[in-house]
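No hydrogens, no waters, no symmetry mates; every other heavy atom, side chains included, goes into these values. Because the structure is predicted, anything quoted here is derived from the model rather than measured.
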Amino acid sequence: MTATDLSEDPYLFLEEVESEESLQFARDSNDACLGALGDPTKSDTGTYDRVLTTLESDDRIPHVSQYGRTEDGDDILFNFWKDKKNPKGLWRRTTMSSYSTDSPAWKTVLDLDALAEKDGISWVYKGSRALPRARDPMSENGRQVTRALLSLSRGGADATYLKEFDLLSESFVSEEEGGFCLPEAKTRASYKSRDVLLVGSDFGPDSLTDSGYPRTVREWVRGTKIEDAPLVFEGEKTDVSVSAYIDDQRAHHGSIYEVRARALTFYTSKHYARVVDYEHLLAPNDPKRLAKEAPPEFTEVDIQDDADIDFFGKMIFISLRSDWTPIEGSGITYKSGAMIYTDAATFLLKGRDACKYTVLFEPEEKTAFETYTTTKNYLILSIIENVKAKLLFYKLSNDGSELEYVGGDAESQIRASSTGGLNSEDSDLFWFQTSGYTQPSTLYMANATKVESGESMPDFEEVYVEKEMKSLPAMYDATGLKVVQRFAVSEDGTEVPYFLVMKEDTVLDENTPTLLYGYGGFEISLGPKYIATAGISWLERGGAYVEANIRGGGEFGPSWHQAALKANRNKSYEDFIAVAEHLISTKLCKATTLAVRGGSNGGLLMGMMYTMRPDLFGAIHCAVPLLDMKRYHTLLAGASWMAEYGNPDTDDWENFLYKYSPYHNIDPSVEKYPPMLVTTSTRDDRVHPAHARKMVKKLWDMGKGKDWPVYYYENIEGGHGGAADAKQSAFMTALAYDFMW
């Protein structure tokens with residue numbers, strides 16, 4: 001099939017998300033799916049019950065955020081928790097002294113189930129954003145958080161309602177009381193000060209980009225109408241989005257930075273910044289602001305569009321996605337994937353030529369920057385080395401203008417490790433969590449001040465870990481399992497790593513049920529982490545579980561991602577096929593015992609596996625997928641992904657995009673396609689459910705009389721995650737795993 005042979009799409013009617021015809025298609029499809037595969041809640045496999053028990057288990061680690069301290073100095077900790085009794089969840093609080101015990105005493109602050117019943121809306125909690133204590137005169141000199149912005153979604157959609165919450169009275173602040181409240185939209189809001197918000201939302205015509213995200217930012221003063229809030233920043237309709245925020249670095253000897261940004265594409269932005277005083281953050285009519293001279297004008301941050309910025313202390317961090325020579329003629333070029341820093345004030349006021357740069361991280365062939373955490377006086381750098389985790393520690397020095405290396409891991413490890421500051425404004429304590437494919441998560445309290453040796457050593461965590469706080473018990477039986485890293489060779493000769501979890505005594509006779517998972521996009525890395533659902537649903541049954549680190553991901557930094565962009569998207573698919581073929585060639589499995597699974601961009605990957613190599617797989621689970629690459633940019637947030645895939649309204653379609661559009665590459669001459677389960681959610685407002693609907697309907701129509709078994713289930717709630725609560729999640733998980741097995 002060539003691009004010019006394509007006929008007009010007869011399934012456009014399924015793009016009407018909530019039309020009666022579309023919803024009836026979903027209901028009929030769901031009935032047919034369960035009629036063919038069975039209701040997972042009634043299956044004798046027990047998968048649904050086991051997964052649900054795990055998702056609702058009281059043994060899960062309750063992760064917390066510090067929201068200040070009590071009058072006697074005990075840390076106040078907030079957590080959002082779902083369980084069997086509270087499927088929509090509780091926002092609750094405790095203290096550090098209580099949290100440190102085996103049975104913390106929790107006090108409910110907001111009951112989402114009760115709120116949903118009261119409002120008659122299936123609320124899904126989408127997070128909170130606290131009013132920073134340092135910018136809140138009611139915080140008792142920074143002791144406690146008094147207000148927060150809550151984001152609540154109908155049924156799990158990305159679009160949310162914004163509601164301000166008072167943590168002292170433990171109640172919503174009504175509009176009549178001057179509370180900040182906004183209707184459903186893809187809103188981005190943050191406190192500038194107690195009575196001022198920086199907010200982007202759907203304010204009517206021309207307020208959103210083509211991608212459906214905010215195009216403008218308003219400065220909204222408490223007690224005024226949002227319609228009267230002045231416009232302070234705007235981008236273009238073709239931008240992905242715009243944003244504005246405050247980065248307050250006074251606790252680290254730095255300044256207050258006001259930042260604005262236009263996301264031109266998914267990977268390029270223009271940043272604007274200025275240094276301001278606290279008084280500049282107040283309402284325009286506040287006497288303290290009126291008494292202050294006007295702030296300086298914003299400076300466009302003079303970096304490449306594909307670089308990102310952040311601030312710490314007196315430094316501006318610049319992370320690079322391509323090589324950069326900040327001072328022309330200097331002969332010094334910093335590599336793609338590097339993180340460098342320099343003095344922020346000098347950079348903003350005098351320009352990049354006036355600066356001295358320091359390399360915090362420079363990638364090698366198999367290493368990549370992942371993220372970092374800050375405490376009051378330290379920076380903890382997380383890197384991945386051949387897809388294995390490693391932590392490095394740096395101390396803030398020279399009055400907040402430099403970083404000094406003080407120690408780190410000698411060797412990278414096959415595990416996931418994450419860090420998070422307890423309260424980076426006044427403490428060097430941090431949370432440290434580890435897990436692996438077969439090792440349940442353990443959460444520790446750690447202290448960065450103990451890292452002063454300047455050495456790298458084995459078991460380095462023993463230096464800084466103070467106490468094990470919480471640990472997840474084994475949620476599945478991992479006895480006799482081993483984890484190995486192997487490599488396949490892709491079509492162009494590139495080595496592609498993958499992780500394999502299997503029984504130590506696995507017989508290589510091609511008969512091991514093997515599940516291969518992949519993603520390969522948006523610079524997102526896959527790596528070792530505890531996945532109880534895969535353990536329960538697959539490994540305990542005697543299967544092998546595999547994750548492929550294919551190009552398009554971020555496992556080896558920006559170059560690994562960029563190698564599979566747009567016209568080179570085939571590299572992702574060739575990598576995944578190479579891993580599948582390697583599993584077969586090593587006699588772990590054969591095509592009929594190899595199942596594959598992926599969601600979102602991974603759903604596109606699954607669609608391509610279905611159309612490219614129908615002979616290679618025994619079952620495919622294609623979740624919340626992109627599949628119609630001719631129209632993806634017109635559906636919901638699709639326009640924001642053109643930097644990843646290309647623009648089908650240009651020559652990109654004829655040149656390469658149509659090759660990577662599963663919807664347009666179904667081959668009517670194929671007599672047998674592998675069984676495929678396609679799942680999505682009506683409430684997914686990121687990847688349009690029409691991708692899944694149209695693909696399935698087209699397959700059913702074209703496949704009449706052929707061996708093309710396709711099953712479709714559309715959850716009426718759930719958002720892009722596919723499920724709105726634990727029961728829905730357990731249902732969708734069991735349906736998929738029982739099908740693939």
Side-chain angles (χ1 to χ4, degrees), residues 252 308 310-313 315 317-320 334-342 357-398 400-424 427-436 439 441-469 485 497 525 527-529 549 554-558 560:
H252 310 292
D308 286 328
D310 203 358
F311 296 91
F312 183 45
M315 299 167 285
F317 288 1
I318 304 169
S319 57
L320 303 176
Y334 299 101
K335 292 168 57 175
S336 170
M339 171 78 81
I340 62 177
Y341 67 85
T342 189
Y357 299 89
T358 302
V359 175
L360 178 63
F361 172 78
E362 186 171 64
E364 298 175 356
E365 183 182 1
K366 296 296 183 182
T367 63
F369 164 75
E370 189 173 32
T371 188
Y372 67 83
T373 291
T374 60
T375 68
K376 182 173 177 57
N377 297 295
Y378 291 82
L379 180 144
I380 307 162
L381 185 68
S382 298
I383 66 172
I384 45 179
E385 194 172 70
N386 215 0
V387 206
K388 303 171 188 175
K390 192 173 186 179
L391 295 181
L392 304 174
F393 288 74
Y394 296 82
K395 186 177 183 179
L396 201 58
S397 62
N398 196 16
S401 60
E402 295 179 354
L403 289 168
E404 173 191 357
Y405 177 72
V406 291
D409 294 327
E411 302 290 338
S412 54
Q413 301 181 56
I414 299 180
R415 69 175 186 184
S417 63
S418 61
T419 59
L422 173 64
N423 173 24
S424 63
S427 173
D428 286 314
L429 296 176
F430 65 96
W431 302 106
F432 173 58
Q433 181 167 302
T434 63
S435 71
Q439 290 78 42
S441 302
T442 302
L443 179 67
Y444 303 92
M445 179 57 70
N447 190 338
T449 64
K450 294 186 175 182
V451 183
E452 293 289 348
S453 66
E455 299 178 0
S456 298
M457 62 186 75
D459 302 319
F460 190 68
E461 65 197 60
E462 293 180 4
V463 174
Y464 54 79
V465 166
E466 289 198 335
K467 180 181 180 180
E468 180 181 315
M469 299 294 288
Q485 186 182 38
S525 302
K529 56 185 176 297
N549 304 115
E555 286 86 350
F556 299 122
W560 193 248

Novice: For the residue pair Phe312 and Phe317, does the interplanar ring angle fall in the parallel (under 30°), tilted (30 to 60°) or perpendicular (over 60°) class?
Specialist: perpendicular

Novice: Within the side chain of Ser427, is there an N or O that forms a donor-acceptor pair under 3.5 Å with the backbone of Ser424?
Specialist: no

Novice: Taking atom CD as the centre, does Glu364 end up with more than 12 heavy-atom neighbours from other residues, nucleotides or ligands that are less than 6.0 angstrom away?
Specialist: no

Novice: Listed by chain and number, what are the side-chain hydrogen bond (donor to acceptor under 3.5 Å, both in side chains) partners of Thr374, not counting sequence neighbours?
Specialist: none

Novice: Would you call Thr367 and Phe361 a side-chain contact if the rule is heavy atoms closer than 4.5 Å?
Specialist: yes

Novice: Parallel, tilted or perpendicular: which one describes the rings of Phe432 and Phe430, with boundaries at 30° and 60°?
Specialist: perpendicular

Novice: Identify the heavy atoms of Gly557 and Ala368 that sit nearest to each other, and give their distance.
Specialist: N-CB, 3.3 Å

Novice: Can we say Lys388 and Glu411 salt-bridge, meaning some charged N sits less than 4.0 Å from an Asp/Glu carboxylate O?
Specialist: no

Novice: Distance from Met445 atom CE to Lys467 atom NZ, nearest 0.5 Å?
Specialist: 9.0 Å

Novice: With sequence neighbours excluded, what pairs up with Tyr444 under the side-chain hydrogen bond (donor to acceptor under 3.5 Å, both in side chains) test?
Specialist: none

Novice: Take Phe369 and Leu360 through the test side-chain contact (heavy atoms from CB on, under 4.5 Å) and record every step on the way to the result.
Specialist: CA-CA 10 Å; Phe369 164 75; Leu360 178 63; over 6 Å; no

Novice: Under 4.0 Å between a Lys/Arg side-chain N and an Asp/Glu carboxylate O for Arg415 and Glu461?
Specialist: yes

Novice: Would you compute the distance between atom CG of Asp310 and atom CG of Asp308 and round it to the nearest 0.5 angstrom?
Specialist: 9.0 Å

Novice: Ile380 versus Tyr372: any side-chain heavy-atom pair under 4.5 Å?
Specialist: no

Novice: Is Lys395 close to Leu403 at the side-chain level, that is, under 4.5 Å between some pair of heavy atoms?
Specialist: no

Novice: Given 3.5 Å as the limit, does a donor-acceptor pair link the side chain of Asp428 with the main chain of Asn377, or not?
Specialist: yes

Novice: Is there a donor-acceptor pair closer than 3.5 Å between any side-chain N or O of Thr373 and the backbone N or O of Thr419?
Specialist: yes

Novice: Looking only at heavy atoms, what is the nearest atom pair of Pro528 and Ala416, with distance?
Specialist: O-CB, 2.8 Å

Novice: So, Glu370 and Ser382: side-chain donor and acceptor under 3.5 Å apart, yes or no?
Specialist: no

Novice: Mind running side-chain contact (heavy atoms from CB on, under 4.5 Å) on Ile383 and Leu392 for me, showing each step along the way?
Specialist: CA-CA 8 Å; Ile383 66 172; Leu392 304 174; 4.2 Å; yes

Novice: Determine yes or no for a side-chain-to-main-chain donor-acceptor pair under 3.5 angstrom, with Tyr405 supplying the side chain and Gly408 the backbone.
Specialist: yes

Novice: Give a yes or no on whether the backbone of His252 and the side-chain of Lys376 come within a donor-acceptor separation of less than 3.5 Å.
Specialist: no

Novice: Does the pair Met315 and Leu396 meet the rule for a side-chain contact (heavy atoms from CB on, under 4.5 Å), with working shown?
Specialist: CA-CA 10 Å; Met315 299 167 285; Leu396 201 58; 3.5 Å; yes

Novice: With rounding to the nearest 0.5 angstrom, report the CG to CZ distance, Leu379 to Phe393.
Specialist: 10.0 Å

Novice: With a 3.5 Å distance limit and no angle check, can you tell me whether Ser525 reaches the backbone of Glu555 through a side-chain donor-acceptor pair?
Specialist: yes

Novice: Give, for atom CG of Asp409 and atom CD of Glu385, the distance between the pair rounded to the nearest 0.5 Å.
Specialist: 9.5 Å

Novice: Does the side chain of Glu404 come within less than 4.5 Å of Asn398's, by heavy atoms?
Specialist: no

Novice: Determine, step by step, whether Gln485 and Val387 satisfy the side-chain contact (heavy atoms from CB on, under 4.5 Å) criterion, reporting the C-alpha distance in whole Å, the side-chain angles of both residues, the deciding distance to 0.1 Å, and the verdict.
Specialist: CA-CA 9 Å; Gln485 186 182 38; Val387 206; 3.9 Å; yes

Novice: Between atom OG of Ser397 and atom CD of Glu402, what is the distance when rounded to the nearest 0.5 Å?
Specialist: 5.0 Å

Novice: What distance separates Glu466 CD from Lys450 NZ, expressed to the nearest 0.5 Å?
Specialist: 4.0 Å

